[in-house]
Amino acid sequence: MPLITIITILIISTTLIYLLSLLHSVLWRPYRTQRHFQKQGISGPGYRPITGNSSEFRQKMAEARSRNLPTPSDNNGRHQVLQSLVPAYCDWSRIHGRTFLYWFGLTPRLTFSDPAVIREVLLCKDGTFERLDSDPLSKQLLGDGLSELKGRKWAVHRRIAALAFNMEQVKGWVPKMVESTLKMFQHWEEGKAGEVEFEMDVHKELHTLSADIISRTIFGSSFEEGKRIFELQEQQTYLHFASVFSVYIPGFRFLPTKKNRNRWRVNEGIRGSIRKLIEAENAKSEKSRNLLSLLMSPNRNPDGTEDKLEVEEIVEECKTFYFAGKETSANTLTWAIVLLAINQDWQTKARQEVLQVLDDRTNNILLSAESLGELKLVRKISILNNHFIFGYHLQLCIKNLEFLTADKHDLERDPSVVRSGQCNSEANLQRCRGGRLPSSDQYSGLIVRDCGASRS
């Protein structure tokens, strides 16, 4: 047989195999998975080849942002902001029920909104459900640090971080937090300039406060030293959210598009600034006990061996703490102020408690770590606020979503019927079983997706 004929046959065979594999991934497997759940009474928005339901997701987000945020007076005194924050989940939950299946590209995502079912999944310890891995674009923003690591590497980073966040260490941060907060209040007084009423961007001010506190307490620097990092992370946040509701295409981030070039520039700027902080910490004659110093120091294991993080590992960990700490703290404080402004009776009660605990008779406010434990109402406001901000959905992944069995009607009667892998045995079901939580009239979801999605 001539060589040219052999090569032609090989090319045709390879092309056919590739096309069959593509058809299996794009059509056969998604529709088979969809039918699998439909037989159990679990429906959802129909699968669309390649894009899934991502276009519908973006459309609902755009429609929600074009409308004004509803106020309590529009909803009989109740807050209904979730329809504006996660409109797709709210709409699909209302149409298809509290358990539904939707598609993000080729990845199926099974969503639960029953607190009892969520508890069952979270208490399952046999390894069936794993933490959701971020795509590479998200890791550029969040860093490939403690929140992304697994196994022994996670244990090492976790042990080092625990040394920086022990209770005595955190209590020692309180004076620095008070100092940064008083500095912000002084700036507000100067901006007031004797006026009875004045306007300012409180959200921006709280981001500056959060950044300053994190720089002082965790990294032993100041806001001015870390200012470039925070400015670049704001740019990175904008670039991230421009693509967060789009299907990630493996390898696309390496193409020199305008947005990708901006991502590369910002990411290298952040990494370079953090390396300078590391060099400055190395140059200090007296070593501190902040997070950065601990990350740079060798850590002794229980077996007597030592682990030391590489510079790139330290950079990724710093990115995680810089972004996660600043964004969550500032956004939580902003939302708390909004809620207290709307519910002024709670504002009055919280102010009275603070004045009572701090005994502000001489206008000399001295806050200590011990005083914080006495602020019971303020702590309650903080807990409720955190539950609302961060509790509307949680994402995990399962090793093989296609073979998860969960009858919709059985879930409503008994959430322990969620079965997959080792969880289908009676012994493991008993171990996975947990108590019921109070039902919620707002959307609170657990999203379980297939771990097999490609990430590169």
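The figures that follow rest on heavy atoms only: side chains count, while hydrogens, waters and symmetry mates do not. Positions are given from 1, in the same order as the sequence printed here.
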* Arg271: salt bridge (charged side-chain N to carboxylate O under 4.0 Å, His left out) partners, not counting sequence neighbours ->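 Arg271 satisfies salt bridge (charged side-chain N to carboxylate O under 4.0 Å, His left out) with Glu312, Glu316 only.
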Using atom types as modelled and distance alone, determine if a side-chain donor or acceptor of [X] lies under 3.5 Å from a backbone N or O of [Y].
X: Arg261; Y: Pro256; value: yes
X: Asp212; Y: Ser180; value: no
X: Asn343; Y: Trp346; value: no
X: Ser210; Y: Leu206; value: no
X: Glu353; Y: Val378; value: yes

* **Audit row: Tyr102, Tyr89, ring pair (Phe, Tyr, Trp, His ring centres under 6.0 Å) steps and yes/no** => CA-CA 10 Å; Tyr102 77 100; Tyr89 296 131; 5.7 Å; yes
How would you list, by chain and number, every residue that makes a ring pair (Phe, Tyr, Trp, His ring centres under 6.0 Å) with [X], sequence neighbours excluded?
X: His203; result: His207
X: Trp188; result: Phe185
X: Trp173; result: Phe165

* To do: Before giving the answer on side-chain contact (heavy atoms from CB on, under 4.5 Å), spell out for Ile214 and Phe321 the whole-Å C-alpha distance, their side-chain angles and the decisive distance to 0.1 Å.
  => CA-CA 9 Å; Ile214 288 171; Phe321 280 100; 5.9 Å; no
* Asked: Can you pull the salt bridge (charged side-chain N to carboxylate O under 4.0 Å, His left out) pairs that have at least one residue in residues 166-180, sequence neighbours excluded?
  ->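 Sorted result for residues 166-180: Glu179-Arg216.
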* To do: Give me the one residue out of Gln140, Glu234, Gln235, Gln233 that meets side-chain contact (heavy atoms from CB on, under 4.5 Å) with Val266.
  =>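 Passing option: Gln235.
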* Asked: Side-chain donor-acceptor pair under 3.5 Å between Asp345 and Thr348, yes or no?
  -> no
* So, Lys139 and Asn267: side-chain donor and acceptor under 3.5 Å apart, yes or no? -> no
* Just do the side-chain contact (heavy atoms from CB on, under 4.5 Å) check on Val156 and Ile160 with the steps written out, would you? => CA-CA 6 Å; Val156 173; Ile160 295 174; 4.2 Å; yes
* Taking only residues two or more places apart in sequence or in another chain, which ones pass side chain to side chain donor-acceptor pair (under 3.5 Å) with Trp92? ->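 Trp92 satisfies side chain to side chain donor-acceptor pair (under 3.5 Å) with Glu56 once adjacent residues are dropped.
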* Asked: Could you go step by step and tell me if Glu317 and His157 meet the side chain to side chain donor-acceptor pair (under 3.5 Å) rule?
  -> CA-CA 9 Å; Glu317 207 65 72; His157 286 240; 2.4 Å; yes
* Any chance you could lay out the side-chain contact (heavy atoms from CB on, under 4.5 Å) test for Phe252 and Thr257, step after step, and finish with the verdict? => CA-CA 9 Å; Phe252 183 77; Thr257 62; 4.2 Å; yes
* Is the number of heavy atoms from other residues, nucleotides or ligands under 6.0 Å of Arg158 CZ greater than 12? -> no
